[in-house]
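Remarks on the structure that follows.
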Amino acid sequence: KAERYYRQGLDIMQACYGPTHPETAAALIMIARVMVPQGRLEEAAELLHRGLAIQERVYGPVHPRVASALNELGMVARRRGRLREAEADFKRMAEIYRQVYADKHYLIGVALSNLAGIYDMQKRYADAERLFREVLRRYGDVLAPDHQLVGIAHVRLGRTLQHESRYADAAAESSAGYDILARQAAPPATWLNNARRDLVIDFERLRQPARATKFRLELATDTLTR
């Protein structure tokens, strides 16, 4: 249903502005976004490339809208298992934001966090850890310490450390992220539950069953209330 409405919007944009207008590009990207949860990743990638080409032609290669489109492409490439493509998209996204915002903006951290996630998937854990720590440093310069993005970055770093079997360090990071996310007015359920799952594993490996049980029960309660 959402796709149908977005396609109607695309038809209007193309009729009013033509096929190469940035508003047409924005409409293409919105359609691609609703294709992703349907698993239509190849179609989504095609629309995103069309949208990106329009934006590059209009705004040039260095512009926030270009970076935003690269973010969408990187996410789709990651879901398709094309990790090298995703890596390239997120690297370029980060570089655009560095240039546009004089190397100081939370969006640089978002791009680097996405890139670090790709390194983690490639089992380049040292690179992922280094980059997640840079993300936290950058967030610390521009965001409040209890910002949701800070919490998510701690959780993501914790998972990388867990992949390296550094369970005490992983538990410290995941706990920090959990504490921040649990205090949000509207906690992001996905990341909060990611933290809980990781803490169950960490505390089991650390032979602290009572602490593992706490988070296991929270996961079960969350499932029952949904």
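Only this structure's heavy atoms are used, side chains among them; waters, hydrogens and symmetry mates stay out.
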Any side-chain heavy-atom pair from [X] and [Y] closer than 4.5 angstrom?
X: Glu72; Y: Arg33; result: yes
X: His105; Y: Val142; result: no
X: Leu112; Y: Arg98; result: yes
X: Leu70; Y: Val66; result: yes
X: Gln148; Y: Leu181; result: yes
X: Asn71; Y: Asp89; result: no
X: Val150; Y: Pro145; result: no
X: Arg166; Y: Tyr125; result: no

Salt bridge (charged side-chain N to carboxylate O under 4.0 Å, His left out) contacts in which one or both residues fall within residues 46-71, not counting sequence neighbours: Glu56-Arg92
Pairs flagged by salt bridge (charged side-chain N to carboxylate O under 4.0 Å, His left out) wherever residues 105-120 is involved - sequence neighbours left out: none
Residue of the set Arg156, Arg159, His154 for which side chain to side chain contact (heavy atoms under 4.5 Å, CB included) holds with Phe132: Arg156
Name of the residue among Val200, Leu206, Ile201 meeting side chain to side chain contact (heavy atoms under 4.5 Å, CB included) with Phe203: Leu206
Verdict with reasoning, Val110 to Tyr139, per side chain to side chain contact (heavy atoms under 4.5 Å, CB included): CA-CA 9 Å; Val110 171; Tyr139 283 165; 3.6 Å; yes
Answer with yes or no whether the hydrophobic clustering places [X] together with [Y]; edges join I, L, V, M, F, W, Y residues whose side-chain heavy atoms lie under 4.5 Å apart.
X: Tyr178; Y: Val135; result: no
X: Trp191; Y: Leu161; result: no
X: Leu47; Y: Leu10; result: yes
X: Val34; Y: Leu52; result: no
X: Val58; Y: Leu28; result: yes

From [atom1] ([X]) to [atom2] ([Y]), nearest 0.5 Å:
X: Ile54; Y: His49; atom1: CD1; atom2: NE2; result: 13.5 Å
X: Asp202; Y: Ser175; atom1: CG; atom2: OG; result: 7.5 Å
X: Glu42; Y: Arg80; atom1: CD; atom2: CZ; result: 5.5 Å
X: Ile152; Y: Leu192; atom1: CD1; atom2: CG; result: 10.5 Å
X: Thr160; Y: Asp169; atom1: OG1; atom2: CG; result: 12.5 Å
X: Asp127; Y: Leu131; atom1: CG; atom2: CG; result: 8.0 Å

Heavy atoms of other groups near [X] [atom1], more than 12 under 6.0 Å:
X: Tyr101; atom1: OH; value: yes
X: Tyr59; atom1: OH; value: yes
X: Lys104; atom1: NZ; value: no
X: Arg84; atom1: CZ; value: no

Which atom of [X] lies closest to which atom of [Y], heavy atoms considered:
X: Thr24; Y: Gln14; answer: CG2-CG, 3.6 Å
X: Leu73; Y: Ala45; answer: CD2-O, 4.0 Å
X: Met13; Y: Ala27; answer: CG-CB, 4.4 Å
X: Gly74; Y: Phe90; answer: C-CZ, 3.4 Å

Audit row: Glu204, Tyr167, side chain to side chain contact (heavy atoms under 4.5 Å, CB included) steps and yes/no: CA-CA 9 Å; Glu204 284 179 342; Tyr167 298 112; over 6 Å; no
Charged N to carboxylate O below 4.0 Å: is that the case for [X] and [Y]?
X: Lys91; Y: Glu95; value: no
X: Asp141; Y: Arg137; value: yes
X: Arg138; Y: Asp103; value: yes

With no hydrogens and no angle check, is any side-chain donor or acceptor of [X] less than 3.5 Å from a backbone partner on [Y]?
X: Glu173; Y: Ala153; answer: no
X: Glu43; Y: Met35; answer: no
X: Glu134; Y: Arg130; answer: no
X: Thr221; Y: Leu217; answer: yes

Side chain to side chain contact (heavy atoms under 4.5 Å, CB included) evaluation trace for Leu107 with Val100: CA-CA 11 Å; Leu107 286 173; Val100 170; over 6 Å; no
Stepwise side chain to side chain contact (heavy atoms under 4.5 Å, CB included) test for Val76 and Arg79: CA-CA 5 Å; Val76 170; Arg79 290 186 63 151; 5.8 Å; no
